Amino acid sequence: MALMLAMVLNREEHKCSIRSSDFILGYYLIATSGLGGVLWLSPQTSSTTPSPSPSSPLTTTLQWFLGSLILGLIVEAWPRGWTKVQKSSNASVFEKANLISRLSFHYIQPIMSIGYSRPLQLDDFAHLMPERIRSEHAYKDLAATWQRQEARFWTLAPKARQERPVLLGQILDFMMASSSTDEPAPQPLSYGIYLAVLMFLVSLMSSVTGAQLLQLNAERGMEIRSGLIGLIYRKSLKLSSEARQTQTAGAISNHMSVDAEKWTTALNTLPQWVSAPIELLVALWMLYRQLGWCSLVGLVTVVGLIPIQNKVADIFSEIKGTKLTIMDHRIRLITEMLTSIKTVKLYAWEDAFKARIAGYREIEMAVLRRFGVVYARMTLIFSTTMFMSLLSFGIYAAVGGPGGTPGEITPHVIFVSLSLFGLLSKPISSMDTLLSSTTSILVATRRIQAFLLSEELPIDSTSVLSRLGEDDVVVRDAVLSWHKQVMDDQISNSSAQGSGNENTPLLAPSLPSSETVVTPRTPTLNNINFHLRAGSLTAVVGRIGSGKSSLLSALIGDMHRYQGSVQVRGSVAYVSQQAWILHSTVKDNILFGKPLDQERYEAVILACCLQQDLDMLPAGDQTEIGERGINLSGGQKQRVSLARAAYQDADIYLLDDPLSAVDAHVDQHLWKNLIGPGGLLKNKTRLLVTHGLYHLSEVDQVLVMKDGTISEKGHFDELLAAKRGFYQLNLEFSVTADKQHKKSASRAATSSTDRSSEAGSEAADDTDATTVVTPAGITSSQDTKTSNDNEESKPAAGLVTVEKMANGGVGWHMFMVYAKAASYTNIASVIILYILVEMAQIGTSFWLRYWSDSGSGQDKYSVVQFLVIYTAFTLAYMTFNMVLFYVANVLAAVKGARHMHDRLLENLLRQPMAFFDVTPVGRIINRFSTDVDAIDENIIWNLIDVVYCLVAIGGTLVVISVSTPQFLYAMPVLTLCYLYIQSYFLSSSQALKRFMSVSKSPLYQHFSETLAGVSTIRAMSVTPRFIRVNGEKADLSAETQLAFGMGNRWLKVRLEFLGALIVFDAALLAVLSKGNGLVGPGLVGLSLTYAMNITGDITYLVRSWAEMSNQLISVERIEEYAELPQEATLVTGVSLPEGWPAEGKVVFRNFSARYREGLEPILKNVSFEVAPGEKVGIVGRTGAGKSSLTLALFRMIEAKDSYWTRVATASPHDTLGGDLGERGGGSIEIDGVDISTIGLKTLRSHLSIIPQDPTLFAGTIRENLDPFHESTDAELWTALERAHLKSLISSLFGGLSYEVASNGENFSVGQRSLICLAPAVDVETDDLIQQTIREEFKDRTVLTIAHRIKTVMDSNKILVLEKGEVVEYERPEVLLLRREGSLFFRLAEQAGEVH
């Protein structure tokens, strides 16, 4: 009655809790099992022991009590999804699951069922992860969690496995007693059945505890991984400039994608260092009980392995460290290449980059090959249990009996000992994996540790104070540097001797001139003193390298302060020199996390001259901006950055030359409505770095930078009156002087560094003019911002495509793709060798069975003869095993890894620009890092595991069937069960694996985006928000990974339950067959020994098969990109005239083109002709199609409906007709050659281009100038001298061998522009470029995209475009005479060039 009342109360309690009590449920489980065992065993006791009869009152009472316990168990274990409290709870599915559901992993059954019935969606397994694993909690608790949970990892799950040899011995004793005529009273059949049931229960307990251990470790590993990602991300936000020179974006991404990932499986490995010795000691002790002192051979062997294993651990550590280091370099180079892919293609540098990447990849392959060789040799050591059993049995048979007599070889001795040797072999044979995994973990952890110890920005460099006082910014006697350490005597140097980041005139021959590249201990800014009144407007001017940008960096805390003080009062908004854009909508970029204030938002849009741009975009401010702002022009990106800063309503605005990206008209608009004395920010404190001098008369204060110091400061009129350096600068580069200079300039002047950007009305695109020059005489020009030039086409609102994720199983096709890559011969050799290994092992077991049944071998063979044959089987096993792993790891794995990576790289480099426009770099990098790493190190091992399990299971079934033929009746049912569970599992598992891969790309993409804008993020104090977003993306990745792991544990429990049934079936059949004379103890021992192994083998097979299928998803993802249709061929059979292009005649005939399928044409029936040597200026409103002309000239876009346009958009299996010269969208001819008929490499290598974006790659100056190593040093110095760069490069340490940092970050923007000979950002550099063009390109055909009308006034002809069509093509003076009838005249009038 009490129990029934308790169940009623417990049922009511269910309504108030989300899950059952573990204690109550545990009580029901233990009580039910115990009482059931008592009632079942009580009739089996001997007759001499009184026991209740089946009909006694006590038995009846116990049966009723058992029934009530079962009822209580059902009530308590019943899921509580019906209760209101659980429905309203936000707890995860795991946290709601009761004890039985957790033990059996039934709580993810709904996910597996959904996956079996239809493709899984992300929402199907949301809220599966416990709260403690989420990034924020994991980050906070990382260190404490490890210490608190460490003891729980050393569980005793292996003990259950060690009970099975004991039960095997009991069954063999039972069989021997039953078959012996000397035994007076054989034990009853029920005892044998009891032992068989116990074997089933022990196997089941081992499965459940093992699954719980794996789950616990997976959760803790995921918790550590989430915490590490949080640590790495936060650390990356605090890295100093110097630390970022070594800790590149690629290397940091590897810390997240590779190193932190190691911890997801680490806790399944590390506990084995405790559990393995325990297993070894227990197995040795049990062996000692079987074989006596002969078992000490095992102990000696284990001790002898210790120094060998230490040496192997060191080798593995070195190999893993080298592999990861080289992988960092490879990923960094690929990242740089992809980031600047347009420049790479325009210069036809694909082969150069491919060669450099291949160099790193070849080193990786050498490391993998070395690992394979070492591992193959180590298999001899990991096969020592075969030697141990050989020596132990030999010694025991010779002198193992009492008094040194021969020991008795019986089935009990042989098969119990074999089972125990199996226990010994598990920790010994797993030592290779343990060493390899532990080494990987240690190397990864050391790498993360080294990163976390990297230099950080000082937190006290800039003091942020509350807004009290007249001055918002106060800097007193400040000495600052990009470097942490600086010598005392250098600190005290005169400011005139300072040198560093931007503190030297760029082309001064006697002084260092690069940014953070020379004299690393020299301060960048010296003796800085100034203050900014609240609400004032201050301008900073100076030559390139004088320290202007560094001054702003000092105010936002990006530099090290050695003397003086830097104080900032209030909030800061910062606009960097290179606009930083988020991969989000235009509106999100402007709001930047702030709530929407519609009135202010509209005011900011108007002030930043963005309304007309938004009107042109298909979805207005909801239009998605691609990665790195790929579908915006340079000026549009800069104005979005200005709008973002303006919307923040900060107290202080730091503006790093934002007006250099716009033309005079838009410049005036921004000055009048945003920055200037009457603009939206008129009441804010503004510090403006500028290279234009025409607004300086309206500012409150001018700071003149020279050599890293403030050489002059004061009002504009005061500085002019002083007639010092500022007066000279103004005299040389004022607007008036520039116009006078232009009148006398040569007509060959064809380029300008000024930019224009007003949407709909400005003279040109929002980027610099660029000039393309052909070696033999042609020149064309282009705006080489990123390819899509959104101003010239209206992109879809959603530019970046969602990453594709296949549905259903991977199938045999992907396996055959990998097998082909690794060589069919190598894969077949692995399978054949494994069959030979298994045959040798089975032969050993059958020979031992024959030996035991022969009574110590005295009837027919001597002990020596038995041992010789046993030794032969053992040596065959070890030899085949070593050759197997050599073929697998050295031949197959290396060949497959090299082929897959090279194929991926080759096809990606052959993709049209449209592919890179819509594909984030992080998505591609994910394939080159995570997926390539899986192919390098995982797939071959999965294949080995699958083949091993298949062969082992086949051999085991043969042995069991020979021993107990009745077992064959159960095989069809068990096989069907296994196949069903495998099919059921794979449907969900592969979907979860794909989600794992796909969910990582946004995490890496956000991380790369953060690194690009880290200064803006820190300056605007939005670090917490970005950390939160990173946490959300990390949680999504962790949730998919944890769901995948839970699915594996769900599979493990169910498969091992079936495996336990196989053990029970074999044991029961053996017991039931006693006394019939057909099955002897030797065969029973052999059968049960293999049956106990088949449990793990079958489970491991299904898991390995599933894991191989999941790893093949990496092959699928790589194959997806490797099969993408390519752009036009690199080389065709068309022969070109000698010296082509010799004249430089360019003809466009009815040319039409679009950027991508689905977009409107951006060029429509364009026809014009450029005579040899002519200088043509190209102008037009925003979106007119100017940049597209140059893209078409280099065939970055193809003619509409042409053969190659259809090829680029076709599926890999489509068959296309037509010929290469098909002209559906017109043609372009250069010196009479239709460029669509020649290869891309041929075309692009015969043209040259000066790109707008200053792009430098990691490597030497020489490699950046001459990636193919085709020129001598003398030729390079001559080219630099012609470009006015010789003094700059010669001042660097190493000259041409000076190392350029990733993305050229150790040079200022202006210095990068000069090295690239691109239009830079100030008037000084413009003169140098103009001079170069006048002198070096005077005999070339030049097409120049005009970004100020004054640029093209000296051109021979003006090409005016409107909406992709040619509207005017004539000499500029003729067009100006048409006045209002000419679009060119109206554009010139708007730009202030005519009146």
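Because only heavy atoms are used, hydrogens play no part in the values below, and waters and symmetry mates are left out as well, while side chains stay in. The shown structure was predicted, so the numbers you read here are calculated from the model rather than taken from an experiment. Sequential numbering from 1 along the given sequence is applied to the chain's residues.
Using a 4.0 Å cut-off between charged side-chain N and carboxylate O, Asp259 and Arg225 make no salt bridge. A salt bridge is absent between Asp902 and Lys354: the closest approach of a Lys/Arg side-chain nitrogen to an acidic carboxylate oxygen does not fall below 4.0 angstrom. Ion pair Arg369/Glu364 not flagged as a salt bridge, since none of the NZ, NE, NH1 or NH2 atoms sits closer than 4.0 Å to an Asp/Glu carboxylate oxygen. In summary, Glu362 and Arg330 do not engage in a salt bridge, as defined by a charged side-chain N under 4.0 Å from a carboxylate O.
Across all non-hydrogen atoms, the minimal contact from Ala821 to Met900 is CB-SD, 3.9 Å. Scanning both residues, Gly372 and Val890, for their nearest heavy atoms gives C-CG2, 3.5 Å. Closest heavy-atom contact between Arg1049 and Ala211: CG-O, 3.5 Å. Contact between Leu904 and Val932 at its shortest, heavy atoms only, is CD2-CG2, 4.5 Å. Residues Tyr818 and Ala893 come closest through the heavy atom pair OH-CA, 4.1 Å.
Although no hydrogens or angles enter the test, the distance criterion places a donor-acceptor pair under 3.5 Å between the side chain of Asn826 and the main chain of Ala822.
Residues satisfying the side chain to side chain donor-acceptor pair (under 3.5 Å) criterion with Ser829, sequence neighbours excluded, are absent altogether. Listed by chain and number, the residues in a side chain to side chain donor-acceptor pair (under 3.5 Å) with Asp931 are Ser1114, Arg1117 (sequence neighbours excluded). Remark: Asn942 engages Asn938, Glu1107, Met1108, Gln1111 in a side-chain contact (heavy atoms from CB on, under 4.5 Å) (not counting sequence neighbours). In this structure, the side chain to side chain donor-acceptor pair (under 3.5 Å) partners of Arg903, at least two apart in sequence or on a different chain, are Glu1119. Under the salt bridge (charged side-chain N to carboxylate O under 4.0 Å, His left out) criterion, Arg446 pairs with no residue, sequence neighbours left out. Residues passing the side chain to side chain donor-acceptor pair (under 3.5 Å) test with Lys262, sequence neighbours excluded: none.
Counting heavy atoms from C-beta outward, Ile315 and Ile319 have side chains that approach closer than 4.5 Å. The closest side-chain heavy-atom distance from Asp945 to Trp1105 is not below 4.5 Å. By the 4.5 Å heavy-atom criterion applied to side chains, Asp936 and Met327 are not counted as neighbours. Counting only heavy atoms from C-beta outward, the side chains of Met256 and Lys1000 never approach each other to under 4.5 Å. The shortest distance between side-chain heavy atoms of Lys323 and Glu318 does not fall below 4.5 Å.
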Please test Ile1118 against Val1115 for side chain to side chain contact (heavy atoms under 4.5 Å, CB included), starting from the C-alpha separation and ending with a verdict. CA-CA 5 Å; Ile1118 288 177; Val1115 177; 5.9 Å; no

Begin with the C-alpha distance, continue with both residues' side-chain angles, and end with the deciding distance and a verdict on side chain to side chain contact (heavy atoms under 4.5 Å, CB included) for Asn1048 and Lys1052. CA-CA 6 Å; Asn1048 283 332; Lys1052 174 182 172 65; over 6 Å; no

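Between Trp941 and Phe371, the angle of the ring planes goes over 60°, which puts this pair in the perpendicular group of the 30/60° scheme. The aromatic rings of Phe928 and His901 lie perpendicular to each other, with more than 60° between the two planes, well past the 30° mark.
Annotation for Tyr948: atom OH does not count as buried by contact number, only 12 or fewer foreign heavy atoms lying within 6.0 Å. Crowding of Tyr886 atom OH: a count of heavy atoms from other residues, nucleotides or ligands under 6.0 Å not exceeding 12.
Here the NZ-OG1 distance, from Lys320 to Thr322, works out to 11.5 Å after rounding to the nearest 0.5 Å. With values rounded to the nearest 0.5 angstrom, Leu836 atom CG is found 9.5 Å from Leu884 atom CG. Here the straight-line distance linking atom CD1 of Ile944 with atom OH of Tyr834 works out to 6.0 Å at 0.5 Å rounding. From Lys895, atom NZ reaches atom CD1 of Ile827 across 10.5 Å, with rounding to the nearest 0.5 Å. Between the CG atom of Leu833 and the OG1 atom of Thr879 there is a distance of 11.0 Å, given to the nearest 0.5 Å. Note that CD1 of Ile334 is 4.5 Å distant from CD1 of Ile357, once rounded to the nearest 0.5 Å.
With Tyr360 as reference, Leu333 is the one residue of Asp328, Leu333, Thr325, Ile331 to meet the side-chain contact (heavy atoms from CB on, under 4.5 Å) rule.
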